[in-house]
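Below you'll find the structure, written out as structure tokens, and then a few comments.
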There are 2 protein chains.
Amino acid sequence: MSVSTVSKALNDNGRMAADTRERIKTLAAQIGFRPNALAKGLLSNRSFTVGLLTNDTYGRFTLPVMAGISEALVDHGVSVFLCAIEDDPALGKIHVDAMLDKQVDGIIATGKRVDRSLPVDLAGLPVPVVYAFTKGEPGSVTLTSDDRHGATLATEWLKELGRQRLVHITGPREFVSAVERAEAFRTVAGNGAPVLHGVWSEAWGHEAIDRIWKEGGERPDGIFCGNDQIARGVADALRERGARVPGDVSVIGFDNWEIMAAQTRPPLTTIDTNLKELGREAGLMVLALAEGRAIEPGLRRLPCKLVIRDSCGGGRQQN
Amino acid sequence: MSVSTVSKALNDNGRMAADTRERIKTLAAQIGFRPNALAKGLLSNRSFTVGLLTNDTYGRFTLPVMAGISEALVDHGVSVFLCAIEDDPALGKIHVDAMLDKQVDGIIATGKRVDRSLPVDLAGLPVPVVYAFTKGEPGSVTLTSDDRHGATLATEWLKELGRQRLVHITGPREFVSAVERAEAFRTVAGNGAPVLHGVWSEAWGHEAIDRIWKEGGERPDGIFCGNDQIARGVADALRERGARVPGDVSVIGFDNWEIMAAQTRPPLTTIDTNLKELGREAGLMVLALAEGRAIEPGLRRLPCKLVIRDSCGGGRQQN
DNA sequence: TCAATATGGGAAAAGGTTTTCTCAGGAAGA
DNA sequence: TCTTCCTGAGAAAACCTTTTCCCATATTGA
């Protein structure tokens with residue numbers, strides 16, 4: 001029995017007697033034969049491997065994205081190298097070099113914000129690159145979640161619940177996503193609706209409420225927060241001031257960071273950014289590019305999703 | 001110039017004129033020559049690749065461990081396949097098969113608790129396996145953090161601060177780590193010191209304080225919590241009852257989950273479980289095994305570390 | 001000047017798989 | 001019965017390195 005016959009039998013290739021094929025297959029299964037992916041890759045120029053580059057230390061973004069990528073690619077026999085490069089250009093280069101040495105079929109670059117790029121240059125690489133939640137070079141394929149859409153969803157939900165005096169408490173102006181969410185908020189809530197920029201922390205949520213209360217003007221009855229941490233700070237601060245959530249004030253977050261949103265008192269209604277789906281798309285795209293299929297370059301914004309818990313009142317289920 | 005000469009030049013192998021070697025090296029650098037790791041692996045039977053298996057969805061444990069592994073291995077040119085298998089045996093098998101096909105040099109299995117094993121059988125694999133934070137088969141190499149040590153550190157710190165009436169609020173009895181921490185707590189605090197088992201959530205922290213206050217007995221002045229989430233719930237509940245933290249009560253957590261511990265009011269003094277270091281060790285061990293060096297089998301417990309923030313008072317810096 | 005030795009470079013095999021090409025033998029048609 | 005065609009299986013090349021072995025040339029000593 002020659003090597004080539006076996007190969008053809010196992011891959012359903014070439015002409016051969018049906019029973020020979022069967023015989024080979026069962027025998028191979030019996031002895032637990034595993035084709036060596038290295039040899040296969042050497043020949044086919046495909047390693048069935050992609051690299052995932054990230055500078056997200058806590059993995060709040062990375063892990064869901066990673067899960068999506070992996071889920072999409074495992075069906076195609078593709079495995080994922082995860083490389084955390086922090087913000088270290090040298091480390092980034094080392095990891096990219098290692099990926100290239102290992103003949104990855106493509107690279108997915110992820111970060112924490114779409115208006116900053118990773119500390120490593122991925123232009124002109126011999127393999128396709130897809131950017132997710134991080135800035136790519138001009139003409140690249142980039143994925144992010146649709147901040148305007150999410151913010152619109154959130155603000156409309158507050159209005160739908162009958163809230164009139166809306167406020168947006170969010171992160172720094174330097175973040176494009178903060179700005180876009182704020183713009184969408186004002187589009188829905190009215191141009192005069194107040195927007196407070198601060199940092200992305202719980203403490204800032206407290207402080208913002210403190211500031212609003214001290215100002216003494218009309219108090220808001222609906223607060224859209226730039227992320228779940230701020231929302232948590234806001235919810236706590238309101239409770240401490242005797243304002244009931246959601247009785248007196250509806251609070252809505254952003255990110256649907258489970259572990260944060262679900263443990264807040266009350267559990268946060270928030271906007272899910274569909275990170276897993278984003279990962280899945282990124283995986284399929286890099287795979288398509290690796291196989292030579294063309295992908296229209298440019299920035300793709302994936303829709304968000306309203307997740308209803310208790311912090312806004314209401315309770316109509318959405319999907 | 002023959003292929004073999006180039007190979008020898010680049011690997012500092014074989015006999016050759018020094019200037020020939022130099023000439024080849026500079027030329028190779030110029031044209032950006034990259035040896036194909038697949039071909040190298042095919043020949044050497046080493047892929048310089050390890051697989052990391054995890055069922056930790058939120059990545060609270062996985063990512064720090066992963067970072068440690070990667071950091072330790074990148075110096076040896078080894079890359080890491082990350083495979084999230086949830087609790088799905090079928091998915092686990094698919095990923096393990098994919099790893100084996102790709103000729104990984106070894107596998108690191110991680111989970112969330114050392115008394116449960118992953119839903120996949122890793123015994124009898126043709127590559128070495130190291131277990132971290134998950135249960136391995138008898139005779140395997142397993143790493144975990146030293147729960148007794150951490151709990152001892154925490155309890156001693158409370159005593160050192162002059163706290164007398166200590167309570168331990170922690171997770172379910174079914175977790176070995178909860179039991180071990182509780183035992184160590186009682187060893188230091190006295191056998192009669194109360195231990196409240198519940199779940200690993202913030203809500204349980206609230207409820208436990210509620211229960212203690214309602215019981216109306218002598219109130220604790222030092223509370224050791226089984227994790228940072230419980231500690232957060234405890235701190236919040238105490239504040240709401242007018243007990244000052246750390247003025248009246250010292251609260252100490254466990255895990256040093258940055259994002260949770262640092263945002264608590266007040267920021268939590270807690271026990272760091274050294275996950276990154278654990279990852280590093282796991283990486284070096286699997287590498288050693290892959291290279292044929294022997295590693296004594298058994299369970300290794302890595303020491304913990306006290307991280308002082310504000311929730312206990314005191315302020316002596318430790319390392 | 002010749003022989004022996006040292007030195008530098010090349011040829012070839014090996015690693016495991018796929019694919020193309022070739023060949024032998026059998027079956028069917030004339 | 002002979003020829004033609006088809007079918008099934010094997011041989012060989014290719015993928016890219018590394019390593020061992022060998023050969024040619026140069027150098028040195030007699």
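In this text the structure is predicted, and so the values were computed from the model without any measurement. In what follows, every heavy atom counts, from backbone to side chain, and hydrogens, waters and symmetry copies are set aside. So that the names make sense, note that chain A is the first sequence line, chain B the second, and so on, each numbered from 1.
Whole-Å rounding puts the A/Q103 CD to D/dC16 C1' distance at 9 Å. Atom CZ of A/R46 and atom P of C/dG16 are 23 Å apart (whole Å). With rounding to whole Å, B/D19 atom CG is found 13 Å from C/dT7 atom C1'. As rounded to whole Å, 14 Å separates atom P of C/dG8 from atom CD of B/E22. For B/M16 and D/dT19, the CE to P distance is 14 Å, given to the nearest whole Å. Distance B/N11 CG to D/dT20 P: 12 Å, rounded to the nearest Å. Between the CG atom of B/L10 and the C1' atom of D/dT19 there is a distance of 15 Å, rounded to whole Å. For A/L38 and D/dT17, the CG to C1' distance is 12 Å, given to the nearest whole Å.
Along DNA chain C, the nucleotide nearest B/L42 and the nucleotide nearest B/R21 are compared for position; the residue whose nucleotide lies closer to the 5' end is B/R21. Between B/K40 and B/R15, the one whose closest nucleotide on DNA chain D sits nearer the 5' end is B/K40.
Applying the 4.0 Å criterion to OP1 and OP2 of D/dC15, one finds that A/N45 has every side-chain N and O outside that range. Put simply, B/N36 has no side-chain N or O that comes within less than 4.0 Å of OP1 or OP2 on D/dT17. Phosphate contact (OP1/OP2 of D/dT19, side-chain N/O of B/N13, threshold under 4.0 Å): present.
Here the nucleotide nearest the side chain of A/A39, chosen from D/dA9, C/dG9, C/dG16, is C/dG16.
Using a 4.0 Å heavy-atom criterion, one finds that B/T20 contacts the sugar-phosphate atoms exclusively.
Residues B/A9 and B/K25 approach most closely at O-CE, 3.5 Å, considering heavy atoms. Counting all heavy atoms, side chain and backbone alike, B/A109 lies closest to B/L122 at CB-CD1, 3.8 Å. Closest heavy-atom contact between A/T273 and A/D255: OG1-O, 3.9 Å. Nearest heavy atoms, B/E296 versus B/V141: O-CG2, 4.3 Å. Considering every non-hydrogen atom in both A/M99 and A/G51, the closest pair reads CE-CA, 3.7 Å.
Inter-residue side-chain proximity for A/E137 and A/D121 is flagged as unmet; no heavy-atom pair is nearer than 4.5 Å.
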Pull out every protein N or O sitting under 3.5 Å from an N or O of nucleotides 11-14 of chain D, one pair per line with the distance.
{"unit_1": "D/dA11", "atom_1": "N7", "unit_2": "A/S4", "atom_2": "OG", "d": "3.3"}
{"unit_1": "D/dA11", "atom_1": "N6", "unit_2": "A/S4", "atom_2": "OG", "d": "3.4"}

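Between B/W200 and B/F175, the ring-plane angle classifies as perpendicular under the 30° and 60° cut-offs.
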